[in-house]
Every structure is written in structure tokens, then in C-alpha cells.
Amino acid sequence: MTREEVKKIIMVVSSTYPNWHPSDMTLTVDAWTLMLEDFSYNQVAAALKAFVLSDASGFAPSVGQLVGMMDRLGNVGELSEMEAWSLVSKALRRSLYYADEEYAKLPDVVQKAVGSPEMLRSWAETDMKSIENVVQSNFMRTYRQELTRSRELRKIPANVRALLENCGHKPLLEGSK
């Protein structure tokens with residue numbers, strides 16, 4: 001976002017939250033511009049609108065709340081735990097012999113929760129009672145953790161992720177380079 005676009009966003013915040021009075025508007029615009037530089041005006045405007053329309057507190061949003069709202073708006077098509085397990089369960093039917101192929105068909109976050117094609121193959125060799133109880137439960141817990149991790153990492157701007165990766169950390173998100 002540009003500085004001018006941030007000014008428009010801040011004007012909307014000021015108009016919808018009349019009790020919000022930053023002590024120094026120049027510093028506020030500078031800080032918001034720095035924090036929101038990786039997002040488009042349309043993304044932030046949509047998040048602000050969603051925030052204002054769903055807010056009952058009467059307090060103006062912080063930058064973090066707007067980023068969180070953008071993330072929630074962007075996760076509309078995310079799989080539930082049961083939907084993800086359904087994909088894994090379907091993949092298990094052929095994974096005794098075609099685990100690599102079945103693993104490759106799974107969405108990234110589901111792949112991370114499964115771990116590897118070898119894990120699919122191992123689960124396919126397990127009796128159905130264990131799969132329905134233990135494996136499903138463990139998968140769903142891991143999938144929930146992966147979704148949370150993925151959501152949190154998506155909130156980190158690309159340039160900050162790049163800085164972290166340049167300091168010797170492994171890539172935080174697939175396709176982040």
C-alpha cells in the first residue's frame with residue numbers, strides 16, 4: 001500500500017470510530033504504511049469493512065486486527081479437519097502401492113500433516129480399526145496444528161519472511177522465495 005492509500009484507510013477508521021484520536025497522525029500514517037506495505041489497498045479496505053461491520057466493541061482496529069481479518073477472509077476455502085481426513089482416507093485406499101502418487105495429489109497443508117508418502121504407505125498397511133481411531137485422531141490433531149502454523153506464518157509480510165530466511169532459517173512458507 002502507498003502512503004496515500006493508508007491515509008484513506010485511516011480517514012475511514014477516524015470516521016467510523018469518532019473516539020479514535022492518535023496523538024500524532026504523521027507517525028500513525030508512517031507506522032501503518034510500514035506495517036501494511038505488503039498488502040493491497042483493496043485487501044485492507046475489505047478487511048476494514050468486515051471489521052467495522054462485525055465489531056461490537058466500538059474500538060478502532062489495530063494493524064494486527066486488520067491483518068487477522070484479511071487472513072480470515074482469505075481462508076474461506078480452507079478444508080475442515082473432516083474434509084482433510086476424507087482426502088487422506090481416500091488416498092489410503094491406493095497407498096499400499098501408489099503412495100507417492102496419492103501423496104502428491106493432497107493439498108500442501110494436508111501433506112504436511114501426513115508427513116510423507118511413506119507414512120501413507122505405513123497407514124495403508126495398518127488394520128482399519130486402528131486407522132479409524134488412532135490414526136484419524138492423530139492426523140486431525142496434526143492437521144489442526146499445521147493450519148494454525150500456516151495461518152500465523154501467512155500474516156508475516158514476505159519481506160520479513162525473506163529476512164528470517166536470509167539469517168539461516170529454512171523457508172517458512174512454501175513458495176515464499
Side-chain angles (χ1 to χ4, degrees), residues 1-88 103-115 139-177:
M1 279 185 64
T2 67
R3 184 175 171 75
E4 293 305 312
E5 291 170 333
V6 169
K7 284 181 183 178
K8 288 179 190 177
I9 294 294
I10 289 177
M11 284 175 37
V12 172
V13 172
S14 295
S15 298
T16 54
Y17 295 93
N19 293 330
W20 186 64
H21 302 290
S23 57
D24 186 332
M25 192 57 78
T26 302
L27 287 177
T28 301
V29 171
D30 290 344
W32 282 48
T33 301
L34 178 65
M35 297 301 144
L36 297 172
E37 68 186 353
D38 289 338
F39 302 100
S40 73
Y41 174 78
N42 290 337
Q43 287 175 303
V44 177
L48 178 58
K49 185 173 183 176
F51 183 91
V52 169
L53 293 175
S54 64
D55 175 51
S57 73
F59 293 102
S62 67
V63 171
Q65 288 172 310
L66 291 178
V67 171
M69 183 61 76
M70 283 186 277
D71 187 58
R72 282 191 295 283
L73 294 173
N75 291 335
V76 173
E78 214 169 62
L79 296 174
S80 70
E81 292 173 25
M82 282 306 293
E83 290 168 329
W85 173 251
S86 176
L87 292 177
V88 171
Y103 182 81
K105 291 179 189 177
L106 298 172
D108 287 343
V109 70
V110 176
Q111 285 181 354
K112 288 178 183 175
V114 169
F139 167 80
M140 292 173 99
R141 184 180 65 247
T142 304
Y143 178 73
R144 190 172 34 248
Q145 291 168 343
E146 282 299 328
L147 272 182
T148 300
R149 179 182 173 276
S150 178
R151 287 174 185 151
E152 291 303 313
L153 289 175
R154 278 194 308 261
K155 293 178 186 177
I156 299 172
N159 61 343
V160 175
R161 283 195 311 265
L163 285 173
L164 289 171
E165 290 165 8
N166 287 337
C167 292
H169 292 83
K170 64 181 181 176
L172 298 173
L173 287 175
E174 298 302 315
S176 64
K177 290 221 173 198

Going from [atom1] on [X] to [atom2] on [Y], what distance comes out if it is rounded to the nearest 0.5 angstrom?
X	Y	atom1	atom2	answer
Thr16	Leu48	OG1	CG	6.0 Å
Gln65	Arg72	CD	CZ	8.5 Å
Thr142	Leu147	OG1	CG	11.5 Å

Please report the closest heavy-atom contact between [X] and [Y], naming both atoms and the distance.
X	Y	result
Val6	Val29	CG1-O, 3.9 Å
Val13	Ala60	CG1-CB, 3.8 Å
Leu87	Pro107	CD1-CD, 3.8 Å

Please lay out, stage by stage, how Glu5 and Thr33 fare under the test side chain to side chain contact (heavy atoms under 4.5 Å, CB included).
CA-CA 9 Å; Glu5 291 170 333; Thr33 301; over 6 Å; no
When Trp32 is tested against each of Leu66, Val44, Leu27 for side-chain contact (heavy atoms from CB on, under 4.5 Å), which residue passes?
Leu66
For Glu152, is there an ion pair with Arg149 - N to carboxylate O distance below 4.0 angstrom?
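No, no charged N to carboxylate O under 4.0 Å.
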Report yes if the side chains of [X] and [Y] come closer than 4.5 Å at any heavy-atom pair, otherwise no.
X	Y	result
Met69	Ser54	yes
Tyr17	Asp55	yes
Met70	Val67	yes
Glu81	Arg141	no
Met25	Ser14	yes
Thr2	Tyr41	no

Using a 3.5 Å distance criterion without hydrogens, assess whether the side chain of Gln111 forms a donor-acceptor pair with backbone atoms of Tyr103.
yes
Looking only at atom types and distance, does a side-chain atom of Thr28 sit under 3.5 Å from a main-chain N or O of Asp24, one as donor and one as acceptor?
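Yes, the answer is positive, given that a donor and an acceptor are paired below the 3.5 Å cut-off.
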Does the side chain to side chain contact (heavy atoms under 4.5 Å, CB included) test come out yes or no for Lys7 and Glu4, once each step is laid out?
CA-CA 5 Å; Lys7 284 181 183 178; Glu4 293 305 312; 3.4 Å; yes
With Phe139 via ring pair (Phe, Tyr, Trp, His ring centres under 6.0 Å) - residues at least two apart:
Trp85, Tyr143
Residue Lys105 excluded, over 12 heavy atoms near NZ under 6.0 Å
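Counting neighbours around NZ of Lys105, more than 12 heavy atoms of other residues, nucleotides or ligands fall under 6.0 Å, so yes.
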What's the verdict on side chain to side chain contact (heavy atoms under 4.5 Å, CB included) for Thr26 and Asp30, showing C-alpha distance, side-chain angles and the deciding distance?
CA-CA 6 Å; Thr26 302; Asp30 290 344; 3.9 Å; yes
Taken in chain and number order and not counting sequence neighbours, the residues that satisfy side chain to side chain donor-acceptor pair (under 3.5 Å) with Glu83 are Ser80
Inter- and intrachain pairs under ring-ring contact (aromatic ring centres under 6.0 Å, His included), touching residues 42-74, at least two apart:
none
